[in-house]
Peer 1: 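One structure is given below, represented as structure tokens, and several questions about it will come after.
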There are 2 protein chains.
Amino acid sequence: MSHTLGIRQAQKQKTRQAFLDAALSLLEEQSLSSLGLREVTRAVGVAPTAFYRHFHSTADLGVALVEEALGSLHPMIAGTVSAAGDSDERIDRAVALIARHVREHPAHIRFIARERNGGVQKVRSAIAEQMARFADEVKAELAKQPESAGWSDDDLLMLAGLYVDQMLMTASTFLEAAPEEQDQVARVATRRMRLISIGRRHWLG
Amino acid sequence: MSHTLGIRQAQKQKTRQAFLDAALSLLEEQSLSSLGLREVTRAVGVAPTAFYRHFHSTADLGVALVEEALGSLHPMIAGTVSAAGDSDERIDRAVALIARHVREHPAHIRFIARERNGGVQKVRSAIAEQMARFADEVKAELAKQPESAGWSDDDLLMLAGLYVDQMLMTASTFLEAAPEEQDQVARVATRRMRLISIGRRHWLG
DNA sequence: CGCTTGTGGTTACAGTTGTTCACTGACTCC
DNA sequence: GGAGTCAGTGAACAACTGTAACCACAAGCG
């Protein structure tokens with residue numbers, strides 16, 4: 001029952017999206033804490049004061065960017081972990097999926113990796129919250145697998161967090177690697193994941 | 001053959017160190033790419049133009065900070081890995097060492113974690129280079145251990161990189177955790193390391 | 001000693017920043 | 001159809017930025 005929202009609201013959303021896009025592009029070569037409000041409005045092509053109609057501050061814009069960059073990622077994460085096949089096949093598929101996502105949304109990944117430890121507290125919190133949700137979701141998927149028999153909740157969450165952190169680091173490494181190094185990066189990432197999975201298999205006893 | 005350097009040079013080094021200290025302190029709540037030259041000189045208590053006598057730009061200052069923060073860390077890394085005792089004892093000691101280092105040099109860790117993926121290319125490179133050196137050193141230590149029999153150089157480097165990344169992430173997590181959460185962070189970090197070590201033990205065959 | 005060197009200070013410039021205020025004019029709703 | 005709402009405008013503000021030119025004066029060195 002979503003009624004079409006009026007011309008007015010639609011145009012506002014469009015401008016808001018333009019802000020997000022412009023900011024994301026400007027953030028490829030700087031951090032959020034140095035992103036100026038005027039810089040963004042200039043890139044969008046609107047007056048500086050128009051910014052306030054959409055965000056209180058650039059920090060607020062950053063939080064919105066976190067939603068955009070990570071909010072849509074939950075299905076992919078779950079799909080990655082619950083894929084069919086044996087452990088090695090699953091890992092290969094996960095690494096390939098990460099590589100593809102980085103290729104398609106490089107600015108998103110760059111933003112998250114950069115601001116995860118960045119200078120803006122609210123954005124750091126927003127990212128931490130999303131990452132915690134990822135870890136919870138991965139944990140839920142892991143719990144379904146037979147390999148997790150006998151595992152405590154705590155240990156499962158520990159493992160899930162390790163996987164999630166590893167995924168983001170892999171993505172960030174893809175980002176900085178030259179095209180001809182991508183394969184090498186993928187191979188190392190695969191072996192890291194494989195080692196962790198081996199550790200998982202022998203964790204108990 | 002180190003002759004005492006003149007009063008002149010000594011005073012210059014002192015001022016330079018004041019710049020580094022002031023910058024590090026200012027960077028606790030912002031990123032390097034938003035750090036202004038005037039901001040730093042104001043904090044030090046010198047004229048803006050004095051900055052140029054020591055650094056070309058704030059990016060240059062950042063590179064110097066990388067040296068200060070990571071340059072002195074090499075002995076600790078090596079010591080951590082080559083410590084005596086069985087695997088679990090070694091891990092406990094490593095985590096404790098990391099916790100202590102974070103407690104003693106929080107600003108250093110914050111800076112490295114923040115700028116590792118930060119908006120200043122030269123600084124990112126400087127950090128990446130030091131981290132690669134750490135990985136090489138850890139690899140060399142690992143190679144000495146009997147558990148590494150039969151391991152290829154490539155796999156050893158992969159494992160070393162995994163350990164190094166894990167150490168920095170642990171340090172950064174300590175940094176953001178409240179005092180009463182420190183123990184919990186330490187316990188999770190310990191279990192992560194332990195799982196990796198188990199993976200290592202069963203990597204071959 | 002006097003000459004050179006170079007750290008740091010002073011003044012000034014042209015641009016930029018965030019934020020305010022009063023405004024326009026197209027959309028919305030009764 | 002007329003009144004009200006509100007996204008976006010334009011001008012103005014004080015404060016800030018990096019950088020240039022020139023100066024002061026203590027240290028180094030023949």
Side-chain angles (χ1 to χ4, degrees), chain A residues 1-23 25-27 29-65 115 118-123, chain B residues 1-23 25-65 118-123:
Chain A
M1 31 179 294
S2 75
H3 66 84
T4 7
L5 64 179
I7 297 181
R8 197 110 193 228
Q9 292 292 324
Q11 181 54 43
K12 181 172 184 182
Q13 298 262 6
K14 211 167 143 188
T15 307
R16 184 190 140 103
Q17 189 60 46
F19 275 124
L20 294 178
D21 293 346
S25 148
L26 290 166
L27 284 172
E29 35 201 21
Q30 64 181 310
S31 322
L32 182 64
S33 78
S34 65
L35 183 69
L37 161 168
R38 288 185 106 107
E39 204 179 347
V40 184
T41 58
R42 201 183 311 128
V44 173
V46 298
T49 45
F51 185 89
Y52 294 111
R53 302 286 179 198
H54 300 271
F55 309 99
H56 290 23
S57 63
T58 52
D60 246 45
L61 198 173
V63 172
L65 276 177
E115 300 304 331
V120 183
Q121 218 269 335
K122 279 169 74 174
V123 172
Chain B
M1 289 285 328
S2 75
H3 65 84
T4 2
L5 65 179
I7 297 180
R8 201 105 193 234
Q9 293 291 324
Q11 181 54 43
K12 182 174 184 182
Q13 298 263 7
K14 211 167 147 189
T15 307
R16 186 188 138 101
Q17 189 58 46
F19 275 124
L20 294 178
D21 293 347
S25 150
L26 289 168
L27 284 172
E28 301 216 356
E29 36 201 21
Q30 66 182 310
S31 322
L32 183 63
S33 78
S34 64
L35 184 68
L37 162 169
R38 287 185 106 108
E39 206 179 347
V40 184
T41 58
R42 199 183 313 127
V44 173
V46 298
T49 45
F51 184 89
Y52 294 112
R53 304 286 179 195
H54 300 270
F55 308 99
H56 291 24
S57 62
T58 52
D60 247 45
L61 197 173
V63 173
L65 275 178
V120 183
Q121 218 271 333
K122 280 170 74 174
V123 172

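Just so you know, these numbers use all the heavy atoms, side chains as well, and skip hydrogens, waters and symmetry mates. These figures come from a predicted structure and were not determined experimentally. Chain letters run A, B, ... following the sequence lines, proteins first, then strands; residues in each count from 1.
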Peer 1: What are the residues of residues 9-19 of chain B, sorted by number, that bring a heavy atom to within less than 4.0 Å of DNA chain C?
Peer 2: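 Heavy-atom contacts with DNA chain C come from B:Lys12, B:Thr15.
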Peer 1: Rounding to a whole Å, what distance do you find between A:Arg38:CZ and D:dA14:C1'?
Peer 2: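 Distance check: A:Arg38 CZ to D:dA14 C1' gives 12 Å.
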Peer 1: Test your reading of the model: is there a side-chain donor-acceptor pair from A:Ser33 to the backbone of B:Gln30, 3.5 Å cut-off?
Peer 2: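 Not a single qualifying donor-acceptor pair exists.
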Peer 1: Output yes when at least one side-chain N/O atom of B:Arg42 is less than 4.0 Å from OP1 or OP2 of D:dT17, else no.
Peer 2: yes
Peer 1: Report yes or no: is there a donor-acceptor pair, N or O only, under 3.5 Å between the side chain of A:Arg53 and the base of D:dT9?
Peer 2: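 When only heavy-atom distances are counted, A:Arg53 does not reach the base of D:dT9 through any donor-acceptor pair under 3.5 Å.
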Peer 1: Classify the nucleic acid contact of A:Ile7 as base, sugar-phosphate or nothing, counting any heavy atom under 4.0 Å across all strands shown.
Peer 2: sugar-phosphate
Peer 1: For the side-chain contact (heavy atoms from CB on, under 4.5 Å) test, which of A:Asp60, A:Val63, A:Leu61 pairs with A:Val123?
Peer 2: A:Val63
Peer 1: If a pair satisfies salt bridge (Lys or Arg N to Asp or Glu O under 4.0 Å) and one of its residues is in residues 26-43 of chain B, list it, with sequence neighbours excluded.
Peer 2: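 Qualifying pairs: B:Glu28-B:Arg110.
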Peer 1: Between the base of D:dT19 and the side chain of B:Thr49, is there a donor and acceptor pair under 3.5 angstrom?
Peer 2: no
Peer 1: Looking at D:dT5, does its base get a donor-acceptor pair with the side chain of A:Arg8 below 3.5 Å?
Peer 2: yes
Peer 1: Could you please name the option among C:dG9, D:dT9, D:dT19 that lies closest to any side-chain atom of B:Ala47?
Peer 2: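 For B:Ala47, the side-chain atoms sit closest to C:dG9.
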Peer 1: Here's a test of your reading of the structure: between B:Ser57 and A:Pro48, which maps to the more 5' nucleotide of DNA chain D?
Peer 2: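 Looking at DNA chain D, the more 5' nearest nucleotide goes with A:Pro48.
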